[in-house]
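In this text, all values refer to a predicted model and were calculated from it rather than measured experimentally.
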Amino acid sequence: MDSVASMLEGLNAAQKAAVTSQSSVVQVLAPPGSGKTKTLTARVAYLISHLGMHPGNIIVCTFTVKAAREMRERLTALLGSETVNKLLLGTFHSISRRFLVTYGRHIQLNEKFGIADTSDSKSIVTRIIKRLGLTIDPKTARNRISTFKSKGTTAEQYAEETASKVQKRANAETVLRNQEIVAVYSGYEEHLRVSNLLDYDDLLVKCRELLRSHPSCVDHIQAVLIDEFQDTNHIQFDLMRRFSSARKVVTTVGDPDQSIYGWRSADVTNLKKMKENFPDLHVVNLEENYRSSGAILLAAQEIIEQDQSRPAKSLMPTHALGLSPVLRKLPRASKEAQWIVCELKRTIALTAGLLNWDDYAILLRSAALSRLIEKELGNHGIPYRMVGGHRFFDRYEVRLLLDYLRVIDLPGHTDALARVLNTPARQIGDGTMKVLLDEAASRQVSLWVIVRGIAQDSIKLTPKPKRSEDGKTKMVEQISKQAKRGLETFFNIIHTSRVKLDETSDDSLVQFIEWVVKKIGLLKHLKEKCTEEEELQGRWANVEELIANAEEAVTKEYEDERIPSHEEQDPPEPVDGSVPRSRVETLRKFLGNVALSTEAEQKEDGASTGHVTISTIHAAKGLEWPFVFIPAVYDGSIPHSRAEDNDEERRLLYVAMTRAQAMLYLSYPDKNSQQGATTLSHFLSSRNITQHFSIAGPTVKTEDVHEMSLILRRECPNVKSIAAAQERTRPREDKKFLKYSYNGEDMEYTDDDSEAESKKRKWNSTEGFVPPGKRTQMKGFDTVKALMDQGELSTANTTLPTSFTSAKTLARSADLPPLSVPHGAREIAPVRTMLQASSSSTSKPASQQQSSIMGYFGKKADTTAASTSNLVLQPLSHNSLCPHPGREMTEASASPASSFASFKHADDPSCPKQPAPAAIGLSRNALAATHGPGFKPPTIANHSTRLPLDTSEANQMAESRVTKLKPARTLHSLTTTTTPLGYPMNAVGRSYGAKMSMNGWQNRTHK
DNA sequence: CGCTGGCCCTACGGC
DNA sequence: AGGGCCAGCG
Ligand SMILES: Nc1ncnc2c1ncn2[C@@H]1O[C@H](COP(=O)(O)OP(=O)(O)OP(=O)(O)O)[C@@H](O)[C@H]1O
């Protein structure tokens, strides 16, 4: 079938196996960047176009709103928007919400329910704690309650548990605390119930309740697909089972190493529970990484392998080693921000149009770290966007308007009501508020009923006796005249708005909101609040953005509120898709979307140059960028001082690093914002790690740009424009505060010619940066080059610096099997052999080499390791240096344009027979392999047929490289062959990748 | 009693 | 940046 073929285009064999699996339950377990999401997407397409499933009968769950958006885009490219809009696609929460809106009445749920967001929950909990005079911290209480809910423990169950503990005379203090929690928990649940609110956990809990008692709601569901399964919690697992109960067709993808949501009860063991629940589970592992450069992966791999409990797993780069990642120390956070921006501007200029601002991301452990960076970006007029963290919908002015809308929709929403009742000020202060709330409590009605009653004079509060100054007592109204007037004003706003909302009219939701804004006098209120014009502008712009967002939310064709049941699943062509539902419903849908999305979706204005993304690491999950900066990598920030799970913090760093495609920068300030001295994150401080980093950013030579274009699969700017860019760009080198990184002096490097030297500096964990002259111990990235540079190619000549006392290290490398080869390696052993063999051509000291390779493949040796490992030390023949025979090799060596490495030889007599052609060839090959036999690797020559780049120019480019460019950068390509980075997958009979076993994953998930 | 302004504290992560 | 708290004023 042609459509299937096109659907499978660009997938490797293992991915295809997962996509086309005839097994009903498929689980893809694979490392970052291996194409899990891509596979899941293709599987959806396969289920629809090959197996003929109806898109309306397929549930696709992602973990974040952003991921859902990304998935929607990818699917739309495959299937077209009409099909994709019918899918039940979204987060667990949004899908659950839709089921509850549609069928909630079956479980006595008022389907007009509102959603209690974080600040609602917080204020409810705080109020209860105050009312009961408890001592527990509201945030702790809220977290505990959420944990109970997501594990399925109800308030009653927990109360019983606690009671039984009391009888067992458990620790008195804990019992007391638990009793407080019991009280808050039940009070909280009660409050939600009477306000007709569901909190985030309730959406899942209630949906499960619905499906438990009415499984027929999902009778029509033919397939369930779930991304990022490692971050699902107990209830979500159960929901997955129930969603799929009719056909039991499930596809999940996940990676235990990327589990970063344990703090909200995500449970990695859900991965292993799949096997228990679905014995005929088909497990597919993917091993090739298509995202990142080899150097980035080496560094990231080294990080994750610090986790001792983690089994070794393989992760094969498909790209060349690429540019060395950077780890940089700066004097202060403000300087760190300056350096980042400087480096941003330098690299975007030097890459001559290869990149735009969209290609940069700055990933943060906590959102608060963004402020200095935002300021600096603003100073330089660089467009940026903050994702995650401090939320747009939590801004004062946005929140205020939203709360009004929520009260209009649901006057029983007491918390929202309490927040807006006296904003803008209406003489309804604390005193009045207390009177109103007490009255509501004693009458057992909502606050709204009291407000309405007083405003309409149907409720009159009896005056209370009060002692005046002269000692006499007299009767005083509980509600002052001014307060009463305020209540009337407020009631009027809500009431008339509500009437307007209900009446049939052609007005859109946007017009309605604008009307409400006027009615509130929001602009006037903001004018009074803001002291500066600029602030007002900003806040008003936010209000406008919210309104624009409402328009968008409503015009979205997908996410019909109600889930079409199976009878009506293929409804006759809608008379007119735009027939509006009632405006109340539209408003409710908008408010629901708001509560379930972190950020307002923003439209890009016109033809822009894109924007830099600033994001929390959590929110960056599943995404990728060509250039990634991770500032503030110091202890206390990451791992965060309040984090409970150190391993999870490490995985967080791993996730952040593996977002990068071509270039990765880590940095930290010497002093944190409170002037306290910081230390480099202990995840990064060991020599094993720092060896993977350089101190300064790349020089960005022509060949670097070319290599980046290969990694990014983009067309490479031509030589002329790159040269011109280099001519233009100032500064050309990354030297801002470089000296500080080197010796801790708070001074800026000015223009001088010592960069070349400083560029060679590498990290040393104990001494900071070691000047190149003193450095003798090097591994990994720069080893080969350095050894060549220094002519130190034998063990004897390589002395270890004292800071790197090596007895232990050497022992370690000697004791352990020298190479751990992943399970699947057997299939590609001949190739690997060549690669390993070639690596010894540099006569690197065996111990160094081993630990470097081991570091890549994991500490725990595989059983296959021993046999293969011997090969490392085998002598090699020149032939064996060619890892990809046939056409590829011929091309690589014959066409000057196809390999930079080949020029290295012409140029550099110090390495007469380096296996350099393999380097670029590797990445080319990898590309070719993933694109099938017909694929032409994007060499310059090929570009000339596709680009408006004429042959003479191409020749020029090739020539310029031969004659003019100093091929310093071939180093990294060369190094590619010294570690088993990637392998030419089309060189051997190719059952690579597809392994239907749990492999290394098994160990972890069966713990 | 309520409003306003100023001060300090405090910020992990997100559906 | 926002919330809580206090002082001073209407
Ligand atoms: N077979 C392939 N050939 C070429 N590129 C691929 C292939 N599979 C995936 N990619 C690319 O690799 C990148 C990462 O893919 P994807 O986001 O699906 O990985 P992932 O496993 O979901 O990563 P993560 O675990 O970080 O979410 C994407 O740019 C994707 O287009």
Side-chain angles (χ1 to χ4, degrees), chain A residues 61-68 90-97 115-119 121-123 126 130 138-139 143 146 149-150 198-204 228 231-233 235-236 260-266 363-371 374 386-391 393-397 399-400 419 422-435 466 476-483 486 528-529 531 535 538-539 592-599 615-621 632 636-645 648-649 651-652 655-656 673-674:
Chain A
C61 277
T62 64
F63 210 70
T64 63
V65 181
K66 241 192 142 177
T91 60
F92 271 101
H93 292 86
S94 72
I95 290 169
S96 296
R97 179 177 154 272
I115 296 172
D117 63 22
T118 311
S119 59
S121 298
K122 209 179 106 205
S123 64
T126 311
K130 253 191 207 142
K139 198 174 167 150
N143 288 342
S146 172
K149 286 183 148 189
S150 45
L198 299 185
D199 71 10
Y200 292 118
D201 299 312
D202 282 335
L203 290 172
L204 307 180
E228 310 278 11
D231 283 320
T232 52
N233 66 26
I235 296 228
Q236 287 163 333
I260 53 176
Y261 281 92
W263 51 275
R264 62 176 227 207
S265 311
L363 305 182
L364 308 166
R365 173 61 180 86
S366 29
L369 295 165
S370 73
R371 288 188 61 193
E374 290 190 56
M386 175 77 199
V387 177
H390 282 167
R391 302 161 57 183
F393 296 122
D394 281 340
R395 308 292 296 269
Y396 171 83
E397 60 283 2
R399 179 96 218 158
L400 186 62
R419 279 192 297 259
N422 197 34
T423 326
R426 299 187 181 96
Q427 307 291 114
I428 307 165
D430 290 349
T432 311
M433 189 64 99
K434 183 164 185 329
V435 171
K466 191 192 169 192
V476 182
E477 289 293 340
Q478 292 192 58
I479 309 275
S480 72
K481 261 219 166 72
Q482 308 95 294
E528 286 161 6
K529 278 245 146 189
T531 46
E535 189 192 354
R539 290 189 187 271
N593 281 349
V594 164
L596 294 181
S597 62
T598 327
E599 274 305 294
S615 171
T616 59
I617 300 172
H618 283 95
K621 192 166 70 140
S637 175
I638 186 160
H640 195 272
S641 49
R642 297 182 58 168
E644 279 160 25
D645 185 344
E648 184 158 306
E649 294 293 300
R651 291 193 294 270
L652 206 45
V655 168
S673 41
Q674 288 95 47

Quiz item: Counting only side-chain N and O atoms of A:Arg365, is one of them less than 4.0 Å from OP1 or OP2 of B:dC12?
Solution: no
Exercise. Kindly say if A:Lys481 contacts the phosphate of B:dC1, meaning a side-chain N or O under 4.0 Å from OP1 or OP2.
Key: no
Touch class at under 4.0 angstrom, heavy-atom based, for [X] against every strand present:
{"X": "A:Ile428", "result": "sugar-phosphate"}
{"X": "A:Phe63", "result": "sugar-phosphate"}
{"X": "A:Asp117", "result": "nothing"}
{"X": "A:Asp201", "result": "nothing"}
{"X": "A:Thr616", "result": "sugar-phosphate"}
{"X": "A:Lys66", "result": "nothing"}
{"X": "A:Ser641", "result": "nothing"}
{"X": "A:Arg399", "result": "nothing"}

Quiz item: Does the side chain of A:Asp201 pick up a donor-acceptor pair with the side chain of A:Ser150 at under 3.5 Å?
Solution: no
Rounded to whole Å, please give me the gap between [atom1] in [X] and [atom2] in [N].
{"X": "A:His618", "N": "B:dG13", "atom1": "NE2", "atom2": "C1'", "value": "4 Å"}
{"X": "A:Arg651", "N": "B:dG13", "atom1": "CZ", "atom2": "P", "value": "18 Å"}
{"X": "A:Leu652", "N": "B:dG13", "atom1": "CG", "atom2": "P", "value": "10 Å"}
{"X": "A:Glu528", "N": "B:dC3", "atom1": "CD", "atom2": "P", "value": "12 Å"}
{"X": "A:Glu648", "N": "B:dC12", "atom1": "CD", "atom2": "C1'", "value": "11 Å"}
{"X": "A:Asp645", "N": "B:dC12", "atom1": "CG", "atom2": "C1'", "value": "14 Å"}
{"X": "A:Ile617", "N": "B:dG13", "atom1": "CD1", "atom2": "P", "value": "10 Å"}
{"X": "A:Lys122", "N": "B:dG14", "atom1": "NZ", "atom2": "P", "value": "15 Å"}

Exercise. Quick one: list whatever passes salt bridge (Lys or Arg N to Asp or Glu O under 4.0 Å) with A:Arg426, sequence neighbours left out.
Key: none
Exercise. Can you sort out the partners of A:Glu374 under salt bridge (Lys or Arg N to Asp or Glu O under 4.0 Å), two or more places apart, ordered by chain and number?
Key: none
Quiz item: How about A:His618 and A:Trp263: are their ring centroids closer than 6.0 Å?
Solution: yes
Exercise. Among A:Arg651, A:Lys621, A:Arg264, find the residue that satisfies the salt bridge (charged side-chain N to carboxylate O under 4.0 Å, His left out) test when tested with A:Asp231.
Key: A:Lys621
Quiz item: Of all nucleotides in DNA chain C with an atom under 4.0 Å from a non-hydrogen atom of chain A, which is the first and which the last going 5' to 3'?
Solution: C:dA1 to C:dG2
So if I take every side-chain heavy atom of [X] and compare against [options], which nucleotide ends up nearest?
{"X": "A:Ala367", "options": "B:dG14, B:dG13, B:dC3", "answer": "B:dG13"}
{"X": "A:Arg642", "options": "B:dG13, B:dG14, B:dA11", "answer": "B:dA11"}
{"X": "A:Gln427", "options": "B:dC3, B:dG13, B:dA11", "answer": "B:dC3"}
{"X": "A:Asn143", "options": "B:dG13, B:dG2, B:dC12", "answer": "B:dG13"}
{"X": "A:Ala425", "options": "B:dG14, B:dC3, B:dA11", "answer": "B:dC3"}
{"X": "A:Thr432", "options": "B:dG13, B:dA11, B:dC1", "answer": "B:dC1"}

Quiz prompt | Contacts of type side chain to side chain donor-acceptor pair (under 3.5 Å), residue A:Asp199, not counting sequence neighbours | solution = A:Lys149, A:Tyr188
Self-check item: Listed partners of A:Asp645 passing side chain to side chain donor-acceptor pair (under 3.5 Å), at least two apart
Solution: none
Quiz item: What residues form a ring pair (Phe, Tyr, Trp, His ring centres under 6.0 Å) with A:Phe92, not counting sequence neighbours?
Solution: none
Self-check item: Of A:Tyr200 and A:Met433, the one whose closest DNA chain B nucleotide lies more 5'
Solution: A:Met433
Practice problem: Identify whether the distance between the nearest side-chain nitrogen and carboxylate oxygen of A:Lys529 and A:Glu535 falls below 4.0 Å. | Solution: no
